[in-house]
Amino acid sequence: MRRPVYLDYAATTPIDPRVAQTMLACLMPDGTHGNPASTAHETGRAARDVVEKARAEVAALIGAVAGDIVWTSGATESDNLAILGAARQARSGHVVTGRTEHKAVLDTCRQLEREGFAVTWLMPDRHGLHGPEQLRDALRADTRLVSIMHVNNETGVIQDIAAMADICRERGILFHTDAAQSAGKLPLDVDALGVDLMSLSAHKVYGPKGAGALYVRRAARRRLEPLMFGGGQELGLRAGTLATHQIAGMGTAFALAREELAAEHERVLELRERLWSGIEPLGAVYLNGHPERRVASILNISFAAVEGESLLLSLRGLAVSTGSACNTEVAEPSYVLRALGRDDVLAESSIRFSLGRFTTADDIDFATACVRAGVEKLRALAPEGRAPDKSLKIR
Amino acid sequence: MRRPVYLDYAATTPIDPRVAQTMLACLMPDGTHGNPASTAHETGRAARDVVEKARAEVAALIGAVAGDIVWTSGATESDNLAILGAARQARSGHVVTGRTEHKAVLDTCRQLEREGFAVTWLMPDRHGLHGPEQLRDALRADTRLVSIMHVNNETGVIQDIAAMADICRERGILFHTDAAQSAGKLPLDVDALGVDLMSLSAHKVYGPKGAGALYVRRAARRRLEPLMFGGGQELGLRAGTLATHQIAGMGTAFALAREELAAEHERVLELRERLWSGIEPLGAVYLNGHPERRVASILNISFAAVEGESLLLSLRGLAVSTGSACNTEVAEPSYVLRALGRDDVLAESSIRFSLGRFTTADDIDFATACVRAGVEKLRALAPEGRAPDKSLKIR
Amino acid sequence: MFGFSYSRAVLESFEHPLHAGRARGDPAELIVGRAGSMKAGALVELSLRVAPGGVTEARFRAFGCPHTIAAASRVAQQIEGQPIEALEGFDIQAIADELEVPAGKLGRLLIVADALVGCLAEWRRRPPGTDTKQR
Amino acid sequence: MFGFSYSRAVLESFEHPLHAGRARGDPAELIVGRAGSMKAGALVELSLRVAPGGVTEARFRAFGCPHTIAAASRVAQQIEGQPIEALEGFDIQAIADELEVPAGKLGRLLIVADALVGCLAEWRRRPPGTDTKQR
Ligand SMILES: Cc1ncc(COP(=O)(O)O)c(C=O)c1O
Ligand SMILES: Cc1ncc(COP(=O)(O)O)c(C=O)c1O
């Protein structure tokens with residue numbers, strides 16, 4: 001077994017070897033190294049062909065027309081292009097989003113506030129879900145855009161995008177969804193979902209980091225201002241030399257995701273259940289997110305009476321994420337779990353296990369053993385013993 | 001010899017096999033596939049180490065401190081971040097740039113005009129150079145930023161950045177230079193040049209497409225607004241998951257560029273002279289750009305009495321660029337050559353030969369033969385015969 | 001420069017243009033038509049030797065894109081051996097179709113057609129053979 | 001969660017904490033000091049058995065980060081065998097240095113120190129051996 005056992009697929013996935021193969025075909029000395037914009041010569045045209053093939057592959061996974069896919073450097077850029085692009089084009093007005101969105105959406109909406117736009121931040125229920133009625137109530141006459149993620153990256157909760165997009169379509173309001181965490185995990189169809197804009201990322205689907213796309217429904221094209229200018233690539237919506245190998249890799253990754261989606265779902269779901277049934281008997285463990293409306297790959301658990309940082313150190317045989325910010329010395333509890341009503345202590349002692357294509361039953365059994373040993377040891381060390389602290393009540 | 005013979009290094013370079021090797025080390029199943037932001041586990045920390053090593057390598061080529069390098073998706077994004085970032089942070093005012101800048105700068109400055117900023121577009125002399133005095137005259141009390149490229153991508157002309165940056169520093173005006181075409185070709189030192197902001201691209205230096213950087217002098221950090229929000233990576237100046245393999249590749253590419261710069265300069269210069277001395281005897285050929293103040297790798301020539309598109313088709317054994325826009329069926333003469341005073345016909349019948357690390361003497365001899373045969377044949381076909389049209393006068 | 005590709009017929013004609021050059025012979029029998037300009041991106045010259053039986057030699061010279069060159073070459077090929085009257089109804093569209101000329105390039109074909117019209121006009125003004133003395 | 005890494009000493013102490021648990025024996029000889037809370041991120045308990053000669057047993061329990069656990073363990077190790085008066089001048093900074101505790105974590109060390117202060121206060125209020133009847 002490779003150590004640490006990687007259970008952080010929601011943060012990023014390893015590249016599938018078949019994806020690496022496609023990328024290699026561009027990177028090697030005889031590879032497709034041309035600039036896709038240099039259509040004056042064969043070397044450039046070969047690169048353009050590679051890019052267009054990938055565009056069709058990405059479009060196919062989400063039921064879109066290839067011409068509606070705009071390449072970006074990742075879902076962060078896609079989110080920014082969708083949100084800043086739609087709002088700035090409208091010049092002023094109101095935007096609706098949720099409190100448990102990814103930072104790429106939250107921080108972007110905060111920037112809109114600084115630019116004078118009004119933003120409504122929807123509060124989810126204790127499972128992390130938004131109700132369509134809640135959205136309807138939030139809409140205003142000058143609402144330009146609603147941005148609600150499809151699957152949450154911390155809890156795996158699945159929003160009812162179709163119902164919410166429906167409400168917006170009636171009123172001609174643009175609907176954006178960040179599908180970075182649902183692509184390859186749920187069947188996706190932009191028409192069935194009724195969205196105008198959808199953010200995608202390659203590196204959550206066994207493709208390369210630094211590659212993404214924004215689906216832009218044809219009718220919405222003119223309603224977006226670009227983030228970057230120069231060169232007129234990508235329908236004028238995104239300037240910059242196209243990274244052939246990256247795009248080729250994303251294409252293969254999405255083609256593979258499409259082929260393997262159903263089978264992988266079953267396999268991963270079973271592994272996740274195996275993990276949960278190994279951990280639950282510890283007692284005083286709480287599932288974060290909705291018990292059913294979740295993708296198969298994510299299990300987010302709060303461990304009562306265990307300090308978060310020590311828990312993580314105990315689990316250093318595993319690569320997992322915690323409910324704390326990663327980039328400062330002082331831990332900050334997850335804003336997503338806080339929005340679900342977890343107190344700071346439980347938010348900080350949460351672990352997100354995220355499984356994927358290369359996760360095996362052995363990995364899961366090893367992880368179960370680590371968790372049991374770690375939690376039992378820390379609880380034994382703690383003053384309150386095994387009993388969960390009474391103050392640690394779930395809302 | 002590989003066909004077509006690639007002489008379009010200024011558009012993009014093939015990846016150096018040593019760069020591909022570094023990238024592979026991230027892409028393979030046991031590679032550094034973690035998310036550099038996931039410092040909670042070993043897999044993420046290994047990725048972060050790779051990223052920081054590359055940061056030092058890129059910084060070393062330009063004499064900068066590693067902490068002043070911000071990763072981007074390419075020079076287009078770097079240009080946008082520098083220009084939009086500096087201007088928007090100032091909220092209003094005046095910006096100076098030149099008419100022969102790359103579209104990533106021109107279109108970005110045009111966007112600033114739409115946002116209410118004033119822009120002065122400096123006209124170059126017939127060699128493509130700006131004079132420092134010309135810049136001084138253009139400055140206003142509310143000038144926020146000057147953006148002048150180091151080396152022009154069409155002609156290879158080298159601007160006197162140090163002199164221009166000096167004038168700006170005196171007045172506390174930010175100075176940005178797009179160094180996409182000078183990195184790896186000229187010695188670069190941000191302090192000697194005196195610039196605050198410098199755009200870099202990996203794929204012009206045998207690194208991967210879709211990777212770039214912006215040098216941000218420490219004192220200028222607070223004077224930039226980000227283009228993209230979310231996650232706080234890169235000093236809060238550039239959100240988005242860092243693409244480990246891309247960055248690693250850029251690092252190796254810049255390290256190699258540094259090692260080989262002097263030797264490559266000599267070698268490439270000699271090859272370019274060989275090409276020019278093979279073509280010049282055709283007569284009625286005009287060098288575009290300054291005769292001396294040019295990088296070694298670029299030779300841009302207008303061929304009188306030869307139609308541009310037919311010339312390009314004659315040269316289909318070569319991958320070269322022409323003085324026409326590439327992306328439309330109707331050719332549009334190069335705005336750079338027009339700014340140098342070339343008329344449309346000569347601008348359209350220009351060819352940019354750009355040489356690089358893998359160009360051989362055989363390549364050059366083959367190219368020379370192609371050009372001679374093609375031009376002679378087309379001139380023979382033309383009504384005016386071999387004599388250049390009298391109307392085709394050089395300014 | 002070109003986002004489109006060339007048809008096989010254009011490539012063949014560009015590579016091996018037939019009837020390139022100037023018609024030669026008794027100046028009394030020669031007529032020349034020119035159209036376009038370098039500025040316009042195409043300058044086409046058709047020169048014909050016209051004997052009583054019809055066009056005995058047709059040649060072209062052209063400064064222009066590959067489609068222009070191919071079309072001028074085709075025109076010269078097709079009118080050689082034809083009675084001069086056949087030029088009147090000459091079908092440039094058929095050549096455009098054969099060469100698969102993209103829509104954006106049809107203007108260039110009209111320049112080729114104009115050179116032909118120039119020949120006709122010249123012929124009407126000065127039917128060959130009327131000015132042999134001028135030699 | 002942590003952008004910093006742990007010193008070898010912290011890792012060793014976290015992995016194999018010495019003196020974990022509760023001091024046992026005659027309740028008259030036992031004193032307990034507690035400080036912190038779960039909310040504050042650290043809750044530390046020190047329990048000592050104090051005989052006339054000094055601290056005959058020192059144990060800790062802790063809910064907290066690895067630094068907290070390591071520091072509590074070190075404190076317990078160091079005070080066992082010491083005269084009770086030695087607690088007064090106890091140098092928590094020396095432990096912080098030895099464990100290479102980062103600046104952001106010094107607050108947690110103060111919680112460990114506070115547990116010790118709690119023991120001292122308890123001892124002053126009720127010197128062990130004075131309430132044997134209460135057993
Ligand atoms: C829901 C969601 N949106 C956006 C992102 C950002 O994507 P990227 O890393 O491609 O910029 C992520 C992952 O980090 C994500 O999980
Ligand atoms: C001078 C200059 N600036 C910017 C760019 C754009 O760089 P990138 O392709 O990395 O976006 C290029 C190349 O296309 C260039 O030559």
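Excluded from the calculations below are hydrogen atoms, water molecules and symmetry mates; all remaining heavy atoms, backbone and side chain alike, are included. Below, chain A is the first sequence line, B the second, and so on; all start at residue 1.
Although no hydrogens or angles enter the test, the distance criterion places no donor-acceptor pair under 3.5 Å between the side chain of D:K39 and the main chain of A:D344.
A:P383 approaches D:R34 most closely through the heavy-atom pair CB-NH2, 3.7 Å. For the residue pair A:E307 and D:G41, the shortest heavy atom distance occurs at CG-O, 3.8 Å.
For A:R372, the CZ atom is densely surrounded, since the number of other residues' heavy atoms within 6.0 Å is greater than 12.
Using a 4.5 Å heavy-atom threshold, the side chains of D:F63 and A:L378 count as separate.
The distance from atom OH of D:Y6 to atom CG of A:L313, rounded to the nearest 0.5 Å, is 5.0 Å. In this structure, CD1 in D:I69 is found 9.5 Å from CD in A:E309, a value given to the nearest 0.5 Å. Atom CZ of residue A:R316 and atom CD of residue D:E15 lie 4.5 Å apart, to the nearest 0.5 angstrom.
Only the side chain of D:R108 has a heavy atom closer than 4.5 Å to any heavy atom of chain A.
The residue among D:A42, D:A20, D:G64 with the most heavy atom pairs within less than 4.5 Å of chain A is D:G64.
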